[in-house]
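Structure first, then comments.
Side-chain atoms are counted along with the backbone in the values below, which use heavy atoms only and exclude waters and symmetry mates. For the single chain, residues carry numbers from 1 onward in sequence order.
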Amino acid sequence: MRSIRAAATGAVLLSLALTATACGGGSTSGGSDGSPKELTYWASNQGASVEIDKKVLQPELDKFEKQTGIKVKLEVVPWSDLLNRILTAATSGQGPDVLNIGNTWSASLQATGALMPWDAKAFDRIGGKDRFVDSALGSTGAEDQHPAAVPLYSMAYALYYNKQMLADAGVDAPPATWDELVAAGKKVSKDGKWGFGMEGSNPSENIHHAFVFAQQHGADFFTADGRPDFTNDGAVTAVKQYVDLMAKDKIIAPGNAEYAQNQSVSDFAKGKTAMLLWQSASANLKSQGMADDSYGIAPVPVQSGTPGAGKQVNSMVAGINLAVFKNSDNIDGATDFVKFMTSDAEQKILNTAYSSIPPVKAAQEDAAFNSPANSVLKDTLAQSAVALPQVPDESQFETAVGTAVKELFADAAGGREVTTASVEAALTKAQQQMPKK
């Protein structure tokens, strides 16, 4: 119940934040705009742990301080807390100077008015908007407004598979369709091993996968004019197919219904599961002792046969954006920090550390990002990834539908039947939680 209450709190806070006016706050270090001496920075938890993120980031922050004289106070915020922390800051006006946001939240947080807009002048201060790849810029806010943030890390989902586990089960190639994945998963799922791993208690993960399934079925969760449409046939079919990987196909351990903090990655690294969908997992797996040559990386499966009205979508456009709180008293220093973090040199360092793809063109072309794994991710981002709806209600959508899917996984784990009717009822309830227009 704790996670459900937290998710509900996020939706309430966003409703408040949409009418909130920033009123002071930002850094309380006393540095004046134009010559700040200190910045506060909320980083998202990208690595296997908060401590690993601190080890990655602190040397770079020290480098920035040496170059500029500006000290950066770092806090790495777990994903389970990040959205609620940001919404609380947007409502109160008391936030950090600079923060990481999930790129899917860009339009929602933009609507609060709490983030500094990145107009042409602001982009010029960090080297220009044309330094960034188009797919990354597509998830920085509403189309008719200046971006609310700047791309920092680009990611896409891929299928990670344990080569030996699949070979031992007689599977000689990574699954390319969901039917193939289910068949392979059933061959593996025995003797304490499982075919597939996921994070059923993580609303954002649930949304990412439900969205891709919906796209593959030719559906979306919003109409063309931005109204919620959670119970259309394609959306219901998509959510049921996702949950059925546990409920009907039984290739996911019931305990995964409670996972929300990278536990599925740890299971994969330990050889407990044979396959995993994840964003840029290589660095995380390496930190947990998994050898690079023990697993392979392939595109996310698509629907079997002719897709019909659907699309060959393999991923949502995943990634992390860097935003500045509009009411920071260190706007100049915060902008300098964004320039530093998105410089070619830092983009290579940080995206290498996190096995992500630089959204900066020059850095992405570096040889370091031409590995087979990165090729899969880059190809997906360029050819078959779609941005989640850039609508003001997107974060409420993640909370409402993500929690509905979480509850359906809880039903599956508890042995309760998941039917088309029960999925439709869960999505109807989720749509009723959306703001009234």
Side-chain angles (χ1 to χ4, degrees), residues 17-18 20-44 46 57 60-61 64-65 67-77 82-83 85-129 131-132 136-137 139-142 145-153 319-343 346-347 350 359-360 390 395:
L18 290 172
T21 300
C23 50
S27 172
T28 57
S29 62
S32 61
D33 192 33
S35 58
K37 300 300 181 184
E38 187 173 89
L39 295 170
T40 52
Y41 173 41
W42 287 357
S44 50
Q46 299 300 126
L57 293 170
E60 308 314 307
L61 305 187
F64 176 74
E65 181 178 5
Q67 291 178 9
T68 64
I70 302 172
K71 180 177 178 61
V72 180
K73 296 176 65 177
L74 170 68
E75 181 179 358
V76 179
V77 183
L82 185 59
L83 181 58
R85 290 280 301 276
I86 295 171
L87 293 173
T88 301
T91 304
S92 68
Q94 300 293 327
D97 296 293
V98 187
L99 70 159
N100 288 6
I101 65 172
N103 66 355
T104 64
W105 305 336
S106 295
S108 293
L109 296 178
Q110 182 180 53
T112 71
L115 302 183
M116 183 187 89
W118 286 85
D119 57 17
K121 184 178 179 180
F123 266 110
D124 285 345
R125 287 192 57 185
I126 64 171
K129 190 175 183 179
R131 295 180 60 239
F132 298 89
L137 289 172
S139 294
T140 55
Q145 300 183 46
H146 294 303
V150 174
L152 180 63
Y153 312 128
I320 309 301
N321 293 341
L322 198 57
V324 173
F325 249 74
K326 183 188 289 186
N327 65 329
S328 165
D329 55 12
N330 292 334
I331 291 290
D332 285 346
T335 305
D336 288 342
F337 182 63
V338 173
K339 180 179 181 180
F340 171 80
M341 294 288 279
T342 58
S343 67
E346 286 303 307
Q347 281 286 288
L350 294 170
V360 172
Q390 293 291 298
S395 65

Closest approach of [X] and [Y], non-hydrogen atoms and distance?
| X | Y | result |
| --- | --- | --- |
| Pro359 | Ala136 | CB-CB, 3.7 Å |
| Leu322 | Trp118 | O-NE1, 4.5 Å |
| Ala142 | Ala107 | N-CB, 4.2 Å |
| Gly95 | Ala89 | CA-CB, 3.7 Å |
| Leu115 | Lys326 | O-CE, 3.7 Å |
| Val324 | Ala334 | CG1-CB, 3.8 Å |

**Message:** Tell me whether the rings of Phe340 and Phe64 are parallel (<30°), tilted (30 to 60°) or perpendicular (>60°).
**Reply:**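 Taking Phe64 first and then Phe340, their aromatic rings sit tilted (interplane angle of 30° to 60°).
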**Request:** For the pair Asp124 and Lys129, evaluate salt bridge (Lys or Arg N to Asp or Glu O under 4.0 Å) and give the outcome as yes or no after the intermediate values.
**Result:** CA-CA 7 Å; Asp124 285 345; Lys129 190 175 183 179; over 6 Å; no
4.5 Å side-chain heavy-atom contact, [X] and [Y]:
| X | Y | result |
| --- | --- | --- |
| Ser395 | Leu83 | yes |
| Leu57 | Leu350 | yes |
| Lys339 | Arg125 | no |
| Pro117 | Gln145 | no |

**Donor-acceptor side-chain pairing of Asn321 and Thr140 below 3.5 angstrom** =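 Judged by distance alone, the side chains do not pair up.
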From [X] [atom1] over to [Y] [atom2], what is the distance, rounded to the nearest 0.5 angstrom?
| X | Y | atom1 | atom2 | value |
| --- | --- | --- | --- | --- |
| Glu75 | Trp42 | CD | CH2 | 6.5 Å |
| Leu74 | Thr40 | CG | OG1 | 10.5 Å |
| Leu39 | Asp329 | CG | CG | 9.0 Å |
| Ile331 | Met116 | CD1 | CE | 6.0 Å |
| Asp336 | Gln67 | CG | CD | 10.5 Å |
| Lys37 | Glu65 | NZ | CD | 10.5 Å |

**Asked** Going through the distances and angles, do Val150 and Phe123 end up as a side chain to side chain contact (heavy atoms under 4.5 Å, CB included)?
**Response** CA-CA 9 Å; Val150 174; Phe123 266 110; 4.2 Å; yes
When you measure from the side chain of [X] to the backbone N and O of [Y], does any donor-acceptor pair fall under 3.5 Å?
| X | Y | answer |
| --- | --- | --- |
| Asp119 | Ala122 | yes |
| Thr68 | Ile70 | yes |
| Arg131 | Thr342 | yes |
| Gln347 | Leu152 | yes |
| Gln110 | Gly141 | no |

**Prompt:** Between Asp97 and Phe325, does a side chain to side chain contact (heavy atoms under 4.5 Å, CB included) hold up when you go through it step by step?
**Reply:** CA-CA 5 Å; Asp97 296 293; Phe325 249 74; over 6 Å; no
**Step-by-step side chain to side chain contact (heavy atoms under 4.5 Å, CB included) determination, Asn103 to Tyr153** = CA-CA 9 Å; Asn103 66 355; Tyr153 312 128; over 6 Å; no
**Prompt:** Can you list the steps and then say if Asn100 with Tyr41 is a side chain to side chain donor-acceptor pair (under 3.5 Å)?
**Reply:** CA-CA 8 Å; Asn100 288 6; Tyr41 173 41; 2.8 Å; yes
**Message:** Show, in sequence, the C-alpha distance, side-chain angles and deciding distance for Ile126 and Thr335, and conclude whether the side chain to side chain contact (heavy atoms under 4.5 Å, CB included) test is met.
**Reply:** CA-CA 7 Å; Ile126 64 171; Thr335 305; 4.1 Å; yes
